[in-house]
Amino acid sequence: MSKDVAEVIVETLAEAGAKRCYGVVGDTINHLTDKIRTSDIDWVHVRHEEVGAFAAGAEAYMTQELALCAGTCGPGSLHFINGIFESHRNGSPLVFIASNVDRQEEGLDFPQEVDQTKLYEQCSVFCERISHPDQAARIFTQAAQAALTHQGVAVVVVNGDMFKEKVNSDTHWSVHRSQPVIHPSPAELDGLVGLINNADKITLYAGIGAKGANEELIMLADRLKAPIVHSSRSKEFVEPNNPYQVGMTGILGNKAGMESVLDCDLLICLGTDFAYSQFYPSHAKIAQINLEPTHLGKRCPIDLGLMGDVKASIEQLLPKLNQRTDEAHLDKALKQWQKDQEGYRKEEVSKHSLIHPQTVTRRLNELAGDDAIFTADGGSPMVWLLRHLDAKGSRRFLTSLSHGTMANAYPQAMGIAKAYPERPVIALCGDGGMTMLMGDLLTLIQENTPVKLLIYNNESLGFVEMEQRVEGQLDSFTKLQNPDFSEVAKAMGLDAWRVENPDELENAMSKWLASDKPALLDVKVSPMELVMPPKIEAGQVASTALFGIKAVLNGRADEVVDLLKDNFLR
């Protein structure tokens, strides 16, 4: 019996494990969405396609199963692109169906015609166009397999009229997901053993590629008496129940993490692709193990690069290593880590009427469940998540770190809540990010998705202000004229609360978390909060002082006082 292409596509993707497709219906995909309507795949009708891509990508990231997006021709598919870039860069197995105008109009500058292939081939592991009906099952099977096995976005471009074409082939194509065990050869591992034996101070740096190797990391750290520094993306699985972890390096990190990396004889990078070369040691030996060989030596010069899965590689390495007893390097790092934590606790205290964002985040850490899943907008919310929320083994975290976009938090939380309806899903939102895509608060109501939205309302693009001030500039064009977000949310049908005083915070947050509906908590936080780096360099102090001089000369002396009180005099 013949089937049309739309039905073949839906059946193929459902068999590959897809449960939801996000998008906005219309024109060139109407035939596709009609077939989804009668299938086991749920259609999630968002108000803006970018939200759909964020949501689908977050669902796929958390589950490591297939999620879908579908876009109409021209502007409809173009609206997905930022969320597609985000999903591709964070390793989400997502299939995006990007439609185009009918074939007879293609190449004739027809209204809304866009060459989707040229656009999306730069943010995908697979990007093809169906040119014949009999290709539908085969190409979509390849797309699903590429997305799942390469952990990225697969894009298939389909002309609107192609969905209605008939397919007569009985050939069945299926997705295969192999899980090979890859580790360096014994001789290559012997080279790493040689570096280890010649080093006094060893630091382990674990990235997202070390996921699933928790026990092995701890065993290796114990054998080498080495501190473990983790990347921001690996916080959720390196931090819990780990007596050797000392936080992060980089501008978002802490002093213990930074010093452990910079002050070692040998840095062993395990599944990392940390992009900022200035935070790697300049005099230490560096060894790197990564399953992706193109990552070896990409960020800084290394002395030894080994291809392999981190878990399997450590398992092969451990029998070759002698137990170390010198704990001086480890003890120094752990003592500094304790001081860093004490510093964070001091930052979390709000006095009088001023609410620090650290206070808000720490209260959330105490009140949210151990199985909560958190997302955070790019900018200062992701800093508060990384520094002031504890990973507890079952907690999950997702921020936009590789792509660095705004407005990702609550759309991603929407997709995660669809996949895990029994777990609390909490989005840490900046006021700038929230207002970018605020219309899809209506989607939370329409889809009955009980995401919890926390808005850090500082009436500014806070992270940008920090960047400008550290450069010695007057902050410019960063102020935001915000509404009362709680009233806006209530008008849309959400439960909502607004907090302007520290004494109100715990009660409002408890009610907000207990709501069984989509709910929003609008907290008026200090607008002068700096994201302080792990070390204050002389140049940064001088630049901040230069900001102070400029602010005084421009009649803004009160801001200098607030900046000092909020960040240096606590």
Side-chain angles (χ1 to χ4, degrees), residues 64 91 125 146 148-152 176-231 233-234 237-238 242 244-245 249 257 260-261 264-277 279-324 326 329-330 402:
Q64 285 300 294
V125 296
L148 289 164
T149 56
H150 290 293
Q151 295 183 318
H176 301 279
R177 301 171 67 177
S178 63
Q179 295 181 312
V181 176
I182 300 173
H183 56 75
S185 69
E188 291 174 318
L189 288 173
D190 287 343
L192 178 55
V193 172
L195 289 176
I196 290 171
N197 289 340
N198 288 319
D200 292 325
K201 298 182 292 184
I202 301 172
T203 295
L204 307 180
Y205 186 25
I208 190 68
K211 186 176 183 179
N214 313 42
E215 294 181 8
E216 289 75 16
L217 280 172
I218 293 172
M219 291 171 64
L220 181 60
D222 179 70
R223 186 72 53 88
L224 301 179
K225 299 305 176 188
I228 301 175
V229 180
H230 65 79
S231 69
R233 293 180 69 198
S234 61
F237 61 84
V238 173
N242 186 344
Y244 299 96
Q245 78 91 18
T249 187
S260 295
V261 168
C264 67
D265 300 322
L266 174 63
L267 180 67
I268 304 177
C269 299
L270 300 161
T272 61
D273 191 32
F274 182 60
Y276 301 96
S277 58
F279 293 104
Y280 287 92
S282 57
H283 302 295
K285 299 284 187 181
I286 301 178
Q288 186 177 5
I289 298 176
N290 206 296
L291 193 57
E292 174 51 63
T294 61
H295 289 175
L296 298 176
K298 182 169 72 172
R299 304 304 185 183
C300 68
I302 63 175
D303 297 277
L304 180 65
L306 304 178
M307 179 182 172
D309 171 77
V310 171
K311 177 182 173 70
S313 298
I314 295 177
E315 288 175 341
Q316 296 295 312
L317 176 64
L318 283 170
K320 296 175 175 285
L321 299 176
N322 296 321
Q323 178 66 55
R324 290 187 170 228
D326 185 352
H329 179 57
L330 174 62
S402 296

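Please read these numbers as outputs of a predicted model, since none were measured by experiment.
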K.L.:
Out of Pro293, Pro184, Ser185, which residue meets the side chain to side chain contact (heavy atoms under 4.5 Å, CB included) rule with Met307?
P.N.:
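Of Pro293, Pro184, Ser185, side chain to side chain contact (heavy atoms under 4.5 Å, CB included) with Met307 is met by Pro293 alone.
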K.L.:
Could you state the interatomic distance from CD1 (Ile202) to OG (Ser260), rounded to the nearest 0.5 Å?
P.N.:
13.0 Å
K.L.:
Hey, does Leu192 have a side-chain heavy atom less than 4.5 Å from the side chain of Ile289?
P.N.:
yes
K.L.:
Would you find a donor on one side and an acceptor on the other, under 3.5 Å apart, between the side chain of Ser313 and the backbone of Asp309?
P.N.:
yes
K.L.:
State whether Lys225 and Asp326 are salt-bridged, where the test is any N-O pair (Lys NZ or Arg NE/NH1/NH2 against Asp/Glu carboxylate O) under 4.0 Å.
P.N.:
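So Lys225 does not pair with Asp326 through a salt bridge.
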K.L.:
Without swapping roles, check the side chain of Thr272 against the backbone of Cys269 for a donor-acceptor pair under 3.5 Å.
P.N.:
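Judged by distance alone, no pair lies under 3.5 Å.
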K.L.:
Do any N or O atoms from the side chain of Gln245 and from the backbone of Ile218 form a donor-acceptor pair under 3.5 angstrom?
P.N.:
no
K.L.:
Taking the basic N atoms (NZ, or NE/NH1/NH2) and the acidic carboxylate oxygens, is any pair closer than 4.0 Å for Asp265 and Lys285?
P.N.:
no
K.L.:
Side chain to side chain contact (heavy atoms under 4.5 Å, CB included) with Leu204: which of Ile228, Leu266, Val261?
P.N.:
Ile228
K.L.:
For Glu188, give me all partners under salt bridge (Lys or Arg N to Asp or Glu O under 4.0 Å), at least two apart in sequence or on another chain.
P.N.:
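So Glu188 forms no salt bridge (Lys or Arg N to Asp or Glu O under 4.0 Å) with any residue.
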K.L.:
Looking at Arg299 and Tyr276, would you say the former's side chain and the latter's main chain have a donor-acceptor pair under 3.5 Å?
P.N.:
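Between the backbone of Tyr276 and the side chain of Arg299 there is no qualifying donor-acceptor contact (under 3.5 Å).
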K.L.:
Kindly assign one of parallel, tilted or perpendicular to the pair Phe274 and Tyr280, based on the angle between their ring planes and the thresholds 30° and 60°.
P.N.:
tilted
K.L.:
Would you check if Ile286 and Cys300 make a side-chain contact, meaning some heavy-atom pair closer than 4.5 Å?
P.N.:
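Result yes, sub-4.5 Å side-chain heavy-atom pair found.
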